[in-house]
Participant: 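The structure follows.
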Amino acid sequence: MKLQQQALEVKLVKIKQSLELISRMMAIVQSEDQLEHPLLFSLIRNMNQEDMQREWVANHLSEYTAQTLFDRSAEALKKMDAETVRFSRDVKRLSHGPNDSQEAETVIGAYVNWAMTYIDQKAIDNLRNLDEEQLTQLDQLVEMPLNEKETAWLDKALEHYFSKYMLTEQGELTASAPIITRES
């Protein structure tokens, strides 16, 4: 009976995780007029790999960063999902134009500032020192819902942003960098 109880408890955990994933996906679908299939499937794949993503972040970046990214309330995760959808859509839309436009800088700045709220100095230092194998592991764990053209545009837009608004050694944006939030 003890083994049966343990097996059912494992199944219960998996069912609860599946229900949470479905709830998150329903929130995204309900908040969006349309959701492209590649973006939807990318979100589902990423959500299914969150345990492995969290472990990778804790092992290669920092436990603090893993906690701030993954150990969040259901509501906070839904907000993060919505921000991911919004950013993906912005990149897809902007990738048809210059990567150094004012709008591109605004979108990239908002994304960088948002991302920096989850990352501590240890993670920044460790991110700078990742080797090729570790970066490949990360690429395999986190799927970006962007095609090659959009990814290339994003890389160039980030490069432009960081060359214009340098990050300090402490991982903070310099005074000349615009601090932008979605609310502003």
Participant: Thinking salt bridges, do Asp81 and Lys78 make one under a 4.0 Å N-O criterion?
Facilitator: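 No, no charged N to carboxylate O under 4.0 Å.
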
Participant: I'd like to know if the side chain of Ser23 and the backbone of Leu19 have a donor-acceptor N/O pair within less than 3.5 Å.
Facilitator: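 Pair absent, no side-chain N/O of Ser23 close to backbone of Leu19.
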
Participant: Can you confirm whether more than 12 heavy atoms, excluding those of Glu148, are under 6.0 Å from its CD atom?
Facilitator: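 It does not: Glu148 CD has 12 such atoms or fewer within range.
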
Participant: For the residue pair Gln5 and Met1, establish whether any side-chain heavy-atom pair is separated by less than 4.5 Å.
Facilitator: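 No; the side chains remain at least 4.5 Å from each other.
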
Participant: Are Met26 and Val29 close enough that some pair of their side-chain heavy atoms sits under 4.5 Å apart?
Facilitator: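 Not touching, per the 4.5 Å side-chain cut-off.
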
Participant: Nearest 0.5 Å, please: how far is CE in Met80 from OG in Ser73?
Facilitator: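 Reported to 0.5 Å precision, the distance equals 10.0 Å.
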
Participant: Asn126 and Leu61: which non-hydrogen atoms are nearest, and at how many Å?
Facilitator: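 Closest pair (atom of Asn126, atom of Leu61, distance): ND2-O, 2.6 Å.
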
Participant: When the ring planes of His60 and Trp56 are compared, do they come out parallel, tilted or perpendicular, using 30° and 60° as the limits?
Facilitator: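 His60 and Trp56: parallel rings.
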
Participant: Would you name the heavy atoms of Arg72 and Gln67 that are closest together and state the gap between them?
Facilitator: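 Heavy atoms only, the tightest pair is CG-O, 4.3 Å.
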
Participant: For salt bridge (Lys or Arg N to Asp or Glu O under 4.0 Å), just list the numbers for Lys164 and Asp100, CA-CA rounded to whole Å, side-chain angles, deciding distance to a tenth of an Å, and then say yes or no.
Facilitator: CA-CA 10 Å; Lys164 186 171 182 179; Asp100 59 352; over 6 Å; no

Participant: Determine whether a donor-acceptor pair (N or O, by modelled atom type, separation under 3.5 Å) exists between the side chain of Gln140 and the backbone of Gln137.
Facilitator: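 Side chain of Gln140 to backbone of Gln137: no pair is present.
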
Participant: I'd like to know if Arg89 and Glu36 make a salt bridge, using a cut-off of under 4.0 Å between side-chain N and carboxylate O.
Facilitator: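 Yes, Arg89 and Glu36 are salt-bridged.
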
Participant: Tell me whether the count of non-hydrogen atoms from other residues, nucleotides or ligands lying under 6.0 Å of NE2 in His37 goes above 12.
Facilitator: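 No, the 6.0 Å shell around NE2 holds no more than 12 heavy atoms from other groups.
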
Participant: Is it the case that one hydrophobic cluster holds both Ile119 and Leu141, taking links as side-chain heavy atoms less than 4.5 Å apart, direct or via other members?
Facilitator: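 As far as the 4.5 Å side-chain criterion goes, Leu141 and Ile119 are connected within one cluster.
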
Participant: Please say yes or no: joined through hydrophobic side-chain contacts below 4.5 Å, possibly via intermediate residues, are Val57 and Leu77 part of one cluster?
Facilitator: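 No, separate clusters.
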
Participant: Would you call Arg93-Glu150 a salt bridge at under 4.0 Å N-O?
Facilitator: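 Judged by the 4.0 Å cut-off on N to carboxylate O distance, Arg93 and Glu150 do not form a salt bridge.
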
Participant: Where is the tightest heavy-atom contact between Ala104 and Trp153, given as atom of each residue plus distance?
Facilitator: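 Residues Ala104 and Trp153, closest heavy atoms: CB-CZ2, 3.7 Å.
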
Participant: Just how far is it from atom CG of Asp90 to atom CD of Glu103, taken to the nearest 0.5 Å?
Facilitator: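 Answer for the CG-CD pair, Asp90 versus Glu103, is 7.0 Å.
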
Participant: Indicate, with yes or no, if Ile124 and Leu135 share a hydrophobic cluster defined by side-chain heavy-atom contacts under 4.5 Å among Ile, Leu, Val, Met, Phe, Trp and Tyr.
Facilitator: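 Yes; Ile124 is reachable from Leu135 via cluster members.
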
Participant: Surrounding CD of Gln6 (heavy atoms of other residues, nucleotides or ligands, distance under 6.0 Å), is the total greater than 12?
Facilitator: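 More than 12 heavy atoms, drawn from other residues, nucleotides or ligands, come within 6.0 Å of this atom.
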
Participant: Side chain to side chain donor-acceptor pair (under 3.5 Å) between Glu105 and Tyr165: does it pass, once the steps are laid out?
Facilitator: CA-CA 10 Å; Glu105 286 183 13; Tyr165 306 108; 2.9 Å; yes

Participant: Quick one: does Pro145's side chain get under 4.5 Å of Ser88's, heavy atoms only?
Facilitator: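 Yes, side chains in contact.
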
Participant: Does any non-hydrogen side-chain atom of Val85 lie less than 4.5 Å from one of Glu32?
Facilitator: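 Side-chain contact under 4.5 Å: yes.
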
Participant: Starting from the C-alpha separation in whole Å, work towards a yes-or-no answer on side chain to side chain contact (heavy atoms under 4.5 Å, CB included) for Glu83 and Trp114.
Facilitator: CA-CA 9 Å; Glu83 186 62 32; Trp114 173 75; 3.5 Å; yes

Participant: If you measure from NE2 on His160 to CD1 on Ile108, what distance do you get to the nearest 0.5 Å?
Facilitator: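 His160 NE2 to Ile108 CD1: 9.5 Å, rounded to 0.5 Å.
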
Participant: Is Phe162 reachable from Leu130 through a run of hydrophobic residues whose side-chain heavy atoms are each under 4.5 Å from the next?
Facilitator: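 Linked, Leu130 and Phe162 end up in one cluster.
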
Participant: For Ala58 and Glu63, work out which heavy atoms get closest and say how close.
Facilitator: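 For Ala58 and Glu63, the tightest heavy-atom pair comes out as CB-OE1, 3.3 Å.
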
Participant: Are Glu159 and Lys156 within salt-bridge range, i.e. N to O under 4.0 Å?
Facilitator: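 A salt bridge is absent here (no side-chain N lies under 4.0 Å from a carboxylate O).
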
Participant: Quick one: are Leu154 and Phe87 in side-chain contact, heavy atoms under 4.5 Å?
Facilitator: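 A side-chain contact exists here, since the closest heavy-atom pair is under 4.5 Å.
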
Participant: Rounded to the nearest 0.5 Å, what separates atom OG1 in Thr68 from atom OH in Tyr118?
Facilitator: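 Answer for the OG1-OH pair, Thr68 versus Tyr118, is 7.5 Å.
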
Participant: Using a 3.5 Å distance criterion without hydrogens, assess whether the side chain of Asn129 forms a donor-acceptor pair with backbone atoms of Asp125.
Facilitator: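 Checking the backbone N and O of Asp125 against the side chain of Asn129, a donor-acceptor pair under 3.5 Å is found.
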
Participant: Start with the C-alpha distance between Glu50 and Arg24, add both sets of side-chain angles, then the distance that settles salt bridge (Lys or Arg N to Asp or Glu O under 4.0 Å), and finish with yes or no.
Facilitator: CA-CA 13 Å; Glu50 284 178 349; Arg24 287 171 62 188; 2.8 Å; yes

Participant: Just do the salt bridge (Lys or Arg N to Asp or Glu O under 4.0 Å) check on Arg54 and Asp51 with the steps written out, would you?
Facilitator: CA-CA 5 Å; Arg54 188 201 189 289; Asp51 288 342; over 6 Å; no

Participant: With side chains defined as the heavy atoms from C-beta onward, is the minimum distance between Thr151 and Asp155 less than 4.5 Å?
Facilitator: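 Touching, per the 4.5 Å side-chain cut-off.
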
Participant: To the closest 0.5 Å, what do you measure between CD (Gln53) and CD (Glu143)?
Facilitator: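 Result: 10.0 Å between the selected atoms.
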
Participant: Quick one: does any side-chain atom of Ser18 pair with a main-chain N or O of Lys14 as donor and acceptor, under 3.5 Å?
Facilitator: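 Yes: the side chain of Ser18 pairs with the backbone of Lys14.
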
Participant: So do Val112 and Met116 actually touch side chain to side chain, heavy atoms under 4.5 Å?
Facilitator: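 When only atoms from C-beta onward are counted, Val112 and Met116 do touch, with a gap below 4.5 Å.
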
Participant: Looking only at heavy atoms, what is the nearest atom pair of Leu21 and Ile44, with distance?
Facilitator: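 Taking Leu21 first and Ile44 second, the nearest heavy atoms are CD1-O, 4.3 Å.
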
Participant: Report the distance from atom CG of Leu43 to atom CD1 of Ile28, rounding to the nearest 0.5 Å.
Facilitator: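 Atom-to-atom, Leu43:CG and Ile28:CD1 are 4.5 Å apart.
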
